[in-house]
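Counting convention: from 1, in listed order, for ligands and their atoms alike.
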Amino acid sequence: MELRKINRSNIYHEFMSHNSLTKQDLVFKLNLSLPTITKNIDELLADKLIEKSGSQGNTGGRRATTYSLIRDARIALGIDVTRNHITIAALDLTGTIITFRRYRLSFQSTDLYFQSVGKTLEAFIRDNHLDESRILGVGIGLPALVDADRRHVFFSKILPIQENILEDFKKYIPYRVDLFNDAKAAAFAETWGNPNFKNMFYLMLANNIGGSIIINHTIYSGDNQESSEAGHIQLVPGGRLCYCGQRGCVDTYISATVLSDLTDGNLEAFFQELRNGDPKLVEEWNTYLDHLAATVNTIHVLLDCNIVLGGYVGEYMGPYIDDLQARVVKLSTFCDNADFLKLCSYKKEAIAAGAAMRFIADFTDSV
Ligand SMILES: [Zn+2]
């Protein structure tokens, strides 16, 4: 029984990583008998998880049927909740984003807010013609610490999020709903299917600083789900007051608001004026990069792995990455380059995508 499950799972995963396969391809790749392959293909066809996609072979011989994954046999949804917006993303079984959209919706711990989220999601599903019967679940990324059971929030000082917020969402979302810490969701999106990010630290440079440690493609959450909170490493003893109540935390020096506060809350305007050479902003940016370099160096000394810069500032970091790497090298004890410092590949949709991906991983593991 167990072996049958393993064979089915292995065959299904071959379809996930190849566009199309013949039965013979699978016989060679998995070293299984043709009857075993045939039986499993018939089952996967019956379950509508794969489909016949064509044929291949030389013109003289018999052509072999090819089969392919039905990528949207199931879909997963993710919602990123921030102070003033929600972002919704829909993903297929390969983890590819089918579509995503950002909506202006200010967070409030009121029934009206949760109702608005439900209605917005409903409209998103309808407008994008998503088949409700294929929806695996809705992952919600929050700027809060979430229990391992994905059902309870146990620390939230950024937004007034109640411990039992899951029940509030579920009143208006008729699917399975799971909660995720925002940075951990975004990190999961970056590590998904990316062999280069087997081990990494994801540093989320959003309006608050988040982090996540990935070891062997798995999130390391710590004994109490409190790991990776790089935002509360003390950078300057006795320094600026942090929302956590301590002083001098990293969060107060490298969050996106440190920059956007200089241009009326508009981060894009900050980078525009920086490019235009505004001397005050150039000076502030240099200070910011030094603080960021110090943070990156601290993380790298401890973890010795790739560090991915995400969040709002991560989106703009492209033209400045060489400069930042040079600053990190100056602080480093061991490194003569900082190639381990990488730009994120997901941008505004990272948290929503990562929150959805968990459902895909669980589903594809269960086939
Ligand atoms: Zn703090």
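Residues forming a side chain to side chain contact (heavy atoms under 4.5 Å, CB included) with Ala144 (at least two apart in sequence, or on another chain): Leu142, Val153, Ser156, Ile161. Under the rule for a side chain to side chain contact (heavy atoms under 4.5 Å, CB included), the partners of Asn297 that lie at least two apart in sequence or sit in another chain are Val301, Leu331, Ser332.
Residues Asp251 and Lys157 are not paired through a salt bridge, judged by the lack of any N-O separation under 4.0 Å between the basic side chain and the carboxylate. Between Lys171 and Glu167 there is no salt bridge, since no side-chain N of the basic residue sits under 4.0 Å from a carboxylate O of the acidic one.
Ordered by chain and number, His232 ND1, Cys242 SG, Cys244 SG, Cys249 SG make up the set of protein N, O or S atoms under 2.8 Å of the Zn ion (ligand 1).
Note on residues 309-321: pairs passing salt bridge (charged side-chain N to carboxylate O under 4.0 Å, His left out), not counting sequence neighbours, are Glu315-Lys348.
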Before you tell me yes or no, could you show the steps for Tyr320 and Leu274 under side chain to side chain contact (heavy atoms under 4.5 Å, CB included), namely the whole-Å CA-CA distance, both residues' side-chain angles and the distance that decides it to 0.1 Å?
CA-CA 11 Å; Tyr320 311 100; Leu274 179 67; 3.5 Å; yes
